[in-house]
S.K.: 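Take this structure, written in structure tokens, and hold onto it; I'll ask about it next.
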Amino acid sequence: MQEDLDRVLFDEPTILRRLDELARDIVAEYQGRELTVIAVLNGSFIFMADLLRRIPLPLKLDCLSVASYHGETATTGEVVFKQIALPDVAGRHILILDDILDSGVTLAAIRDKLKTERPLSVKICVLLRKLKPRLHPVEADHVGFNIGDEFVVGYGLDYMERYRNLPCIGVLRKDRIAPAH
Ligand code: IMP
Ligand code: MG
């Protein structure tokens, strides 16, 4: 798998060191409040597991599953919620966890949907944020790393469901990406 990378952006020790810092910021912010984390699957599963074990606060966890990509490297703009019932968010402090802020379509749709259920607050934490103009006005409150506008895989992020189990994050070689049709 590693040979399909053009280059490694963040190795595992670098990611985990950054998670220590992110966790410290989140603990400081939610100290004394009950936190509900809503993780966006599948991309955030490794990030969620490593980050939450660094947050020694009482918290609740729910997972949401959405589809917006359909196996290509650019968003289709449509966000489909895969579960019938949304997590119970009314009256709670919500922290949404996702792998990457790219076009913003997914996080804007999730944030707007959760806000209709009257939470006390909604904040967003992403492992990666692509520095680019976004289709949808959404900003992350906690960011692991800023990256350029390149397609990355590993540490939970996939290309056509592969590479999620790579321990590092890297830029996928262009010749591994199927031409757009
Ligand atoms: P959005 O474009 O911000 O809506 O991103 C939607 C989803 O696309 C993210 O949650 C990721 O699962 C996926 N995605 C966006 N950029 C990348 C990338 O560079 N590598 C792998 N997945 C990506
Ligand atoms: Mg995802």
Side-chain angles (χ1 to χ4, degrees), residues 1-23 37-54 61-83 95-111 113 124-181:
M1 283 191 299
Q2 189 101 22
E3 61 282 359
D4 289 357
L5 296 182
D6 180 50
R7 62 193 194 280
V8 172
L9 293 182
F10 309 108
D11 63 12
E12 197 174 12
T14 305
I15 297 169
L16 295 179
R17 270 199 306 277
R18 181 68 187 123
L19 294 198
D20 287 337
E21 297 170 350
L22 265 185
V37 173
I38 298 189
V40 185
L41 296 180
N42 295 330
S44 71
F45 78 113
I46 296 179
F47 174 45
M48 166 184 75
D50 282 343
L51 180 69
L52 294 189
R53 280 179 292 180
R54 289 171 164 73
L61 172 68
D62 262 305
C63 295
L64 267 187
S65 191
V66 297
S68 62
Y69 251 56
H70 313 295
E72 303 191 10
T73 61
T75 186
T76 58
E78 190 200 359
V79 177
V80 181
F81 287 77
K82 291 196 196 160
Q83 50 274 108
L95 182 64
I96 302 171
L97 285 191
D98 204 358
D99 52 359
I100 189 164
L101 176 56
D102 182 18
S103 70
V105 171
T106 309
L107 280 167
I110 293 171
R111 179 201 58 196
K113 190 135 186 169
I124 293 175
C125 173
V126 291
L127 177 62
L128 302 171
R129 172 170 62 189
K130 285 190 190 173
L131 295 175
K132 63 192 273 190
R134 267 174 255 294
L135 288 173
H136 283 249
V138 54
E139 256 319 318
D141 303 283
H142 298 276
V143 176
F145 303 98
N146 288 310
I147 63 171
D149 191 7
E150 296 183 289
F151 197 81
V152 296
V153 294
Y155 198 74
L157 291 116
D158 74 305
Y159 172 60
M160 294 176 81
E161 295 306 325
R162 291 182 62 205
Y163 308 108
R164 291 197 196 275
N165 55 329
L166 262 179
C168 63
I169 296 168
V171 177
L172 188 61
R173 273 171 53 176
K174 290 228 164 53
D175 61 5
R176 291 295 180 272
I177 297 176
H181 39 264

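In this chain, numbering begins with 1 at the start of the sequence shown.
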S.K.: Give a yes or no answer on whether the side chain of Glu3 reaches the backbone of Met1 with a donor-acceptor pair at less than 3.5 Å.
M.R.: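 It does hold such a pair.
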S.K.: For Asp99 and Gly43, which heavy atoms make the closest approach, and how far apart are they?
M.R.: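 Closest pair (atom of Asp99, atom of Gly43, distance): OD2-CA, 3.3 Å.
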S.K.: Can you find a heavy atom in the side chain of Phe81 that is under 4.5 Å from one in the side chain of Val66?
M.R.: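 In short, these two side chains touch, coming nearer than 4.5 Å.
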S.K.: Considering only heavy atoms from C-beta outward, does the side chain of Arg162 approach that of Arg176 to under 4.5 Å?
M.R.: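 Arg162 vs Arg176: side chains apart.
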S.K.: Only one of Leu107, Val138, Ile100 forms a side chain to side chain contact (heavy atoms under 4.5 Å, CB included) with Val126, so which one is it?
M.R.: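 Of the listed options, the one satisfying the test is Leu107.
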S.K.: Please tell me if the side chains of Leu157 and Leu128 come closer than 4.5 Å, counting only heavy atoms from C-beta onward.
M.R.: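 Answer yes - side chains close enough.
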S.K.: Give the minimum heavy-atom separation between Leu16 and Asp50, together with the two atoms involved.
M.R.: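 For Leu16 and Asp50, the tightest heavy-atom pair comes out as CD2-OD2, 3.6 Å.
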S.K.: Decide side-chain contact (heavy atoms from CB on, under 4.5 Å) for Phe145 and Val152; before the verdict, give the C-alpha distance in whole Å, the side-chain angles of both, and the deciding distance to 0.1 Å.
M.R.: CA-CA 12 Å; Phe145 303 98; Val152 296; over 6 Å; no
S.K.: Hey, does Leu51 have a side-chain heavy atom less than 4.5 Å from the side chain of Val37?
M.R.: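 In short, these two side chains do not touch, never coming nearer than 4.5 Å.
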S.K.: Can you give me the closest heavy-atom contact between Asp175 and Arg173, atom names plus distance?
M.R.: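 So the minimum-distance heavy-atom pair works out to OD2-NH2, 2.7 Å.
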S.K.: What is the minimum heavy-atom distance between Leu127 and Phe47, and which atoms define it?
M.R.: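 Looking at all heavy atoms of both residues, the shortest contact is N-CE2, 3.5 Å.
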S.K.: Tell me whether the rings of Phe151 and Tyr159 are parallel (<30°), tilted (30 to 60°) or perpendicular (>60°).
M.R.: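 Phe151 and Tyr159: perpendicular rings.
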S.K.: Would you check if Leu5 and Val153 make a side-chain contact, meaning some heavy-atom pair closer than 4.5 Å?
M.R.: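 Counting from C-beta outward, Leu5 and Val153 do come under 4.5 Å.
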S.K.: Under 4.0 Å between a side-chain nitrogen and a carboxylate oxygen: does that hold for Asp6 and Lys174?
M.R.: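 Result for this pair is no, no salt bridge flagged.
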S.K.: I'd like to check the side chain to side chain contact (heavy atoms under 4.5 Å, CB included) partners of Lys132; sequence neighbours left out, ordered by chain and number.
M.R.: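 Listed in chain order: Asp102, Lys130, Arg134, Asp149.
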S.K.: Can you name the nearest heavy-atom pair linking Leu41 to Cys63, along with the distance?
M.R.: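 Looks like CD1-CB, 3.5 Å.
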S.K.: Please list, chain by chain and in numerical order, all residues satisfying side chain to side chain donor-acceptor pair (under 3.5 Å) with Asn146, sequence neighbours excluded.
M.R.: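 Here the qualifying residues are Arg129.
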S.K.: Just by modelled atom types, is the Ile124 backbone N or O under 3.5 Å from a matching donor or acceptor in the Asp141 side chain?
M.R.: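 Yes, because the side chain of Asp141 sits within donor-acceptor range (under 3.5 Å) of the backbone of Ile124.
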S.K.: Begin with the C-alpha distance, continue with both residues' side-chain angles, and end with the deciding distance and a verdict on side-chain contact (heavy atoms from CB on, under 4.5 Å) for Met48 and Leu61.
M.R.: CA-CA 10 Å; Met48 166 184 75; Leu61 172 68; 3.9 Å; yes
S.K.: Does any N or O in the side chain of Arg18 come within less than 3.5 Å of the main-chain N or O of Thr14, such that one atom is a donor and the other an acceptor?
M.R.: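 Looks like no, no N/O pair under 3.5 Å.
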S.K.: Considering non-hydrogen atoms only, spot the tightest contact between Ile96 and Val40 and give its length.
M.R.: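 Smallest heavy-atom distance, with atoms named: CG2-CG2, 3.9 Å.
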